[in-house]
S.K.: 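Here you go, one structure.
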Amino acid sequence: MAKTYSLKRSSSTPLRIDYAAELNPQQCAAATAAPGPALVIAGAGSGKTRTLTYRVSYLLETGTAPWEILLLTFTNKASREMLERVALISPEADRKIWGGTFHSVGNRILRQHTEAAGYRSGFSIMDREDQGDLMKAVVASSGIDTKGRRFPKAEVVSDVISLALNTGQTIEEVCSFKYPYFLEFADEFDGLRKQYEARKKSINSLDFDDLLEKTCKLLREHEEVADRYRKKFKVVLVDEYQDTNRLQSEFIDLLVRDHHNVMVVGDDAQSIYSWRGADFRNIMEFPNRYPEAKVYKIEQNYRSVPEVLELANAAILGNSQQFEKTLTATRPSMELLPALVELQDGNEQAAFIAQRVLELQDEGIDLREIAVLYRAHYHSMEVQMELTRHGIPFEITSGIRFFEQAHVKDVSAFLKLATNPRDEVAFKRAVRLLPGFGNKTADTLWRWLSEQIDVDSSTDIATLLSEAKVPARGAKHWQQFVYTIEELAPAGNPVRPAEMIKSVIEALYDDHLKVAFTNYTARRDDLQVLMDYAGGYDNTQDFLSQLALQTSLESSEITGPEERDEALTLSSVHQAKGLEWKVVFVIWLTDGMFPGNRSLEDPDALEEERRLFYVAVTRAKDQLYLSHPVLRLNAGYGDMLQRPSRFLGEIPVNLLERWDVE
DNA sequence: TACGTGGCGCTTTTT
DNA sequence: GCGCCACGTA
């Protein structure tokens, strides 16, 4: 047995930062906590990020090296912001800290131990669409009868399997709990799961779940690898802990097994991702799993006026499971109660918002300080149209994400193929773009190609493809295709990703773009953006990882950190988490819309909707408008009367001011 | 086997 | 008002 002996830095050096002066007592206690497990319950707007940032700088100041810190976040954006803020306090440190989403850290570890994890180097990452595509292929080749009876679609099967994995349940449990009507298919689902697993491995591809699951497996089964990271990371910090799922919390537990130096930060009242497998028992039961854990509560709110906070506190009261805490305001009142607005229908609601926004603008409020929040994308349709009519600029943070658009994925399929010749999904996608090549031909070609690769893995893929037999009608295009693949990696040496994109567009994709889509120009511009973005990468594999793991793209990431244009924000509540605006409109607060229809029957789901509502209202700094149309206009089924959201009924009337709109 | 056309169902949230 | 799937035809 070796003994670990660690040298301490001179403790007599005074700290550069006066933590007690920079932070409030609760924040300071958490930021300067002694080593060991810690749970920080930080309410909305209580300076959670600030506390975590100062925690990092405190660790650095007291002798922890930057590379010994692992900072886990939920979104790339959160990670970037945090590291930027750390850099302001402790320059130089940010680049050496391992920070990122669980998925990106998993990817990073798996890339370094690819063989031990059971994969070949250059593995592909599949997004949801790719998963669905592969599952379709698996279902097709499984011989399962999908025509003669109502068998769920591949994507649905995929979802069930994913949920089972992320929650640690069996397929049967997931079915009986969430999809009772699929119970009869449970065995078939399980068979498909095994085939899908095997298929992924043979095509050297990992899906999102694998990035978590295979990383845990690696740490579980390879003691020497686990040991390396346990020694490397002296401290693990986790943001948004309430949204971790079973695999994510296992990952943390595996890493800190020896020293228990883990600080998890979160707010149980803002847990809104259970549908993705998040289990907020992780945060509720943290003190049980780490009995020596210290619990810190941060309850002072710096964001909102007291009127908004009182409403928020009242709104969350309806939930039974939560850590007890009350947000107290530090800001003075502005003598303005949150507004409760009843409207005729969605159009009137939109008109109300447009008019009110123009007034606020006249009062000197910047559009960037205003947001319209909703439960689901489509709730914003009328608002979008109305804003356009009035010429009010707006940005939508939800909707189709940049990297998930068909044309972006089409082009990247070629790059994936050049990096990972075994990538069946990418191969088929690319081939189907050629005129005269459909599903069947792509599949036949793939079978032939994968056999060739198995026989002779040394020959590069372009050479192999040039020997393929293809239907006469597609011969010309096939030649062009092979030539393009060759160009991406001449003699097996990949060129830079930006050049690859250029080649693909010029050789064949530009033609496809013109005939396949009506908005050729817009999509062509997107591809230019993609190319510019790729310019920042030398290595195609890094570029592709980034593409897969970062589904959205902010304009500032391409054009540089210049000022955002003045525009109103339209966002789903999920995507608004962690953000704040002076003025917030929450729309479609009716039963069936918010809370959503499918949560009305299920008490747990309803509690999550309530937390979502809580997240929505706590985004507001100064003004809050809650609106509910009485009528939902529906072309197909006729108009539907809407009851006000039950969440509105739970708020004492004296906390709201009714606006009667005429 | 590829691809165009018409009917149908139906709307969540995302790494 | 829209996207997806099934069907029929070239």
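Convention: sequence-line order gives letters A, B, ...; per-chain numbering from 1.
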S.K.: In residues 268-278 of chain A, which ones come under 4.0 Å of DNA chain B, going by heavy atoms?
M.R.: A:Tyr273, A:Trp275, A:Arg276
S.K.: Parallel, tilted or perpendicular, judged at 30° and 60°: which one describes the rings of A:Tyr229 and A:Phe233?
M.R.: parallel
S.K.: Between B:dT15 and A:Thr75, is there an OP1 or OP2 to side-chain N/O distance shorter than 4.0 Å?
M.R.: no
S.K.: When you get a sec, tell me which of B:dT15, B:dT1, C:dC5 is the closest nucleotide to the side chain of A:Lys440?
M.R.: B:dT1
S.K.: What's the gap between B:dT12 and C:dC5 when it is taken at their C1' atoms, as a whole Å value?
M.R.: 22 Å
S.K.: Which nucleotide sits closest to the side chain of A:Tyr378: B:dT1, B:dT15, B:dT11?
M.R.: B:dT11
S.K.: Is A:Glu155 salt-bridged to A:Lys136, cutoff N-O under 4.0 Å?
M.R.: yes
S.K.: Holding to side-chain contact (heavy atoms from CB on, under 4.5 Å), I want the full list of residues that pass it with A:Gln344, two or more places apart in sequence or in another chain.
M.R.: A:Glu348
S.K.: Regarding A:Asp130 and A:Lys416, does a basic nitrogen lie under 4.0 Å from an acidic carboxylate oxygen?
M.R.: yes
S.K.: Quick one: sort the A:Phe182 and A:Phe185 rings into parallel, tilted or perpendicular, breaks at 30° and 60°.
M.R.: tilted
S.K.: Kindly list each side-chain donor-acceptor pair under 3.5 angstrom involving residues 435-442 of chain A, sequence neighbours excluded, with atom names and distances?
M.R.:
residue  : atom : partner  : partner atom : Å
A:Asn439 : OD1  : A:Arg432 : NH1          : 3.0

S.K.: Give the dot-bracket line for DNA chain B from 5' end to 3' end: parentheses for intra-strand Watson-Crick or G-U pairs under 3.5 Å, square brackets for crossings, | for inter-strand pairing, dots for unpaired.
M.R.: |||||||||......
S.K.: Kindly write out the residues that satisfy side-chain contact (heavy atoms from CB on, under 4.5 Å) with A:Asp526, not counting sequence neighbours, or none if the list is empty.
M.R.: A:Phe402, A:Gln405, A:His407
S.K.: Using a cut-off of 4.0 Å on non-hydrogen atoms, how would the nucleic acid contact of A:Phe102 be classed: base, sugar-phosphate, or nothing?
M.R.: nothing
S.K.: Establish, with yes or no, whether the OP1 or OP2 oxygen of B:dT13 is under 4.0 angstrom from a side-chain nitrogen or oxygen of A:His377.
M.R.: yes
S.K.: Name all residues meeting the side-chain contact (heavy atoms from CB on, under 4.5 Å) criterion together with A:Ile203; count only those two or more places apart in sequence or in a different chain, and write none if there are none.
M.R.: A:Leu134, A:Ser205, A:Glu424, A:Val425, A:Trp446
S.K.: Counting heavy atoms from C-beta on, name the nucleotide in C:dC5, B:dT12, B:dT1 closest to the side chain of A:Arg375.
M.R.: B:dT12
S.K.: Closer than 4.0 Å, any side-chain N/O of A:Gln575 to the OP1 or OP2 of B:dT13?
M.R.: no
S.K.: Mind checking A:Gly438 for me? I need base, sugar-phosphate or nothing, with any heavy atom below 4.0 Å counting as a touch.
M.R.: sugar-phosphate
